[in-house]
Amino acid sequence: MLWFPKNKRTWLETFFINLLKAGPVPKHVALIMDGNRRYASKQGLEKTEGHACGFNKLAETLGWCLDLGIVEVTLYAFSIENFKRSEQEVNGLMELAREKFRKLLEEKDKIDEYGVCIRVFGNLSLLPKDIQQILAKVVLYSQKNNRLHLNLCMAYTARQEICTAIQALAEGVKDELLIPSDITEKLMERCLFTRHSTDPDLLIRTSGEVRLSDFLLWQSELSVLAFLQVLWPEFSIWHFFTAVLYYQHNYDAIQKAKKYAAEVKNEEEIEQFLLMVAGETSSSCPVQRQSTEVPQKDNQLLWEEREERIKNFLERLESKHLECLEHMRSGLC
Ligand code: FPP
Ligand code: MG
C-alpha cells in the first residue's frame, strides 16, 4: 500500500523493535518533516521531487510506527506560512497532496484493514476546493476507525488553531451557551483541532532546525522534543529508534510533570467554578435575604448546570465541524 508499505524488517531491526517495546513506547508521535528542499538540492533534484521523496519517507515511517505499536501520528504536512513559497513550489506540493490522497481513497479497503482514522487539522478553506473535497471524503470515510489515528496538519499553524478555538468560545458566550467563567484551560483544549487526541508524547523535527515553527504549540507543553541532524528524506529507522530511546530516557521526568500539570488544571477548573459561585451568590442573594426564604442553589446543582452548558456547547461545535466537512465533501463549501 502506498501510504502504509509492508516492508520486511531485518532481524536486527526486529530485535530493536522488540527491545524498545519492552520499555514505554510513545502513544502519540508528532513529526516536523523538515529538509526536503536541502535534500533535493544535495541530490540535484527539483524541489518538488524533494517533497515527493519526503512523502515516500513518511509512508515508510508510518510502517515503523505501526510496528512499534504507536497509535497516533500527527504530521506537519503544510503550514500556512508555506503559502508564501514560490507559486511553482506551492502548486507542486498541492499536486502531490492531490495525487496521494486520491490514491488513499482508491485504497479504501486498506484504510479499514489497518484501522486508520484520518483527521485533518488546519484552515482548510485556504486549500484548493478539489483538495478540500478529497480530504473531507477521506476524513468522513475513515472516522469510525480507531487502530491508528493519523492527523494531517494542512494549512495549519498553532496560532491560527488557538485563535479558532478562542473564536468558538467567544461565539459560545455570545450565543449564551456558555458563561465566561466556564472558560478554563480544559475547555480551551476541547476547542482545539486536536480535541479528540492525546497530546504528543514525542515530537520529532528533522533537518537540524531546533524550533517548533508554530506547530502544536499548545499540545507540546509536555512532549519530549527530539531535534535530529538529518534531512527528512534521509531519516532512517535508526534515527527513529534513537528518538524513541530518547523518549524512554526522559519518560519518568515527563510522567511526573504530566501528573503535576493535570492536578494544576483540575484545581484551576474548581477554583474558577468557586469564584463563579461566589459571584453568583453575592449578586443573586443580597446579604439581608440570606435567610431560609431564599432557596440557595447548592454547588452541586451549579456544577451540573455548568457541565450541561459545556456539553451543549461542545455538541454544537462538533455538529458544526461535521456539517462543514459534509459541505466540503459535496463541493459546496
Ligand atoms: C519541509 O521541508 C517540508 C514541507 C514544507 C512539506 C512536507 C511534506 C511532505 C513530507 C510530503 C507530505 C505529503 C502529503 C501528501 C501528506 P522544506 O521544504 O522546508 O525543506 P528545507 O528545510 O530543506 O528548505
Ligand atoms: Mg524547512
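Remember, it's 1-based here, ligands and their atoms both numbered in the order they're listed. Being a predicted model, the structure only gives us computed values, none of them experimental.
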For Gly54, is at least one N or O under 3.5 Å away from an N or O on ligand 1?
no
For the pair Glu81 and Arg159, evaluate salt bridge (charged side-chain N to carboxylate O under 4.0 Å, His left out) and give the outcome as yes or no after the intermediate values.
CA-CA 11 Å; Glu81 285 299 301; Arg159 282 160 198 265; over 6 Å; no
So, 4.0 Å and heavy atoms of Ser207: is ligand 1 close enough to count as a contact?
no
Hey, can you tell me if Phe83 and Phe78 have their rings parallel, tilted or perpendicular (30° and 60° cut-offs)?
perpendicular
Could you go through the side-chain contact (heavy atoms from CB on, under 4.5 Å) check for Arg9 and Ile237 one step at a time?
CA-CA 10 Å; Arg9 306 274 165 254; Ile237 198 167; 4.1 Å; yes
May I ask you to decide if the ring planes of Phe235 and His239 are parallel, tilted or perpendicular, using 30° and 60° as cut-offs?
parallel
If I consider every N, O or S atom in Asp34, which one ends up closest to the Mg ion (ligand 2)? I only need its name.
OD1
For the residue pair Phe16 and Trp238, categorise the inter-ring angle as parallel (less than 30°), tilted (30 to 60°) or perpendicular (more than 60°).
perpendicular
Heavy atom of the protein closest to atom 1 (C) of ligand 1 (residue, atom name, distance):
Met33 O, 3.2 Å
Below 3.5 Å, N or O to N or O, backbone or side chain included: is there any such pair between Arg37 and ligand 1?
yes
What protein heavy atom is closest to atom 23 (O) of ligand 1, reported as residue, atom name and distance in Å?
Arg38 N, 2.7 Å
Does the distance from a Lys or Arg side-chain N to an Asp or Glu carboxylate O, for Arg38 and Glu234, drop under 4.0 Å?
no
Nearest non-hydrogen protein atom, atom 8 (C) of ligand 1
Ala77 O, 3.6 Å
My understanding is that we take every heavy atom of each candidate and find the minimum distance to atom 10 (C) of ligand 1. Doing that for Asn36, Leu58, Asp34, which one comes out nearest?
Asn36
In terms of residue, atom name and distance, what is the protein heavy atom nearest to atom 4 (C) of ligand 1?
His51 CE1, 3.9 Å
Donor-acceptor side-chain pairing of Asp112 and Tyr141 below 3.5 angstrom:
yes
Protein contact to atom 15 (C) of ligand 1 [nearest heavy atom, distance to 0.1 Å]:
Ala97 CA, 3.7 Å
Using distance alone, decide if ligand 1 has a nitrogen or oxygen within less than 3.5 Å of any nitrogen or oxygen in Tyr76.
no
Protein contact to atom 16 (C) of ligand 1 [nearest heavy atom, distance to 0.1 Å]:
Leu152 CD2, 3.8 Å
Could you walk me through whether Arg98 and Glu95 pass the salt bridge (charged side-chain N to carboxylate O under 4.0 Å, His left out) check?
CA-CA 5 Å; Arg98 196 174 273 120; Glu95 192 45 47; 2.8 Å; yes
Pair Tyr39 + Trp232: ring centers closer than 6.0 Å
no
Report the relative orientation of the aromatic rings in Phe215 and Tyr76; use parallel for angles under 30°, tilted for 30 to 60°, perpendicular for over 60°.
parallel
Protein heavy-atom partner closest to atom 13 (C) of ligand 1 - residue, atom, separation in Å
Phe55 CD1, 3.8 Å
With backbone taken as N, CA, C and O and side chain as the heavy atoms from C-beta onward, which portion of Arg85 lies under 4.0 Å from ligand 1: side chain, backbone, both, or neither?
side chain
Which one holds for Asn82 and ligand 1: side chain close, backbone close, both close, or neither close, with close meaning a heavy atom under 4.0 Å?
side chain
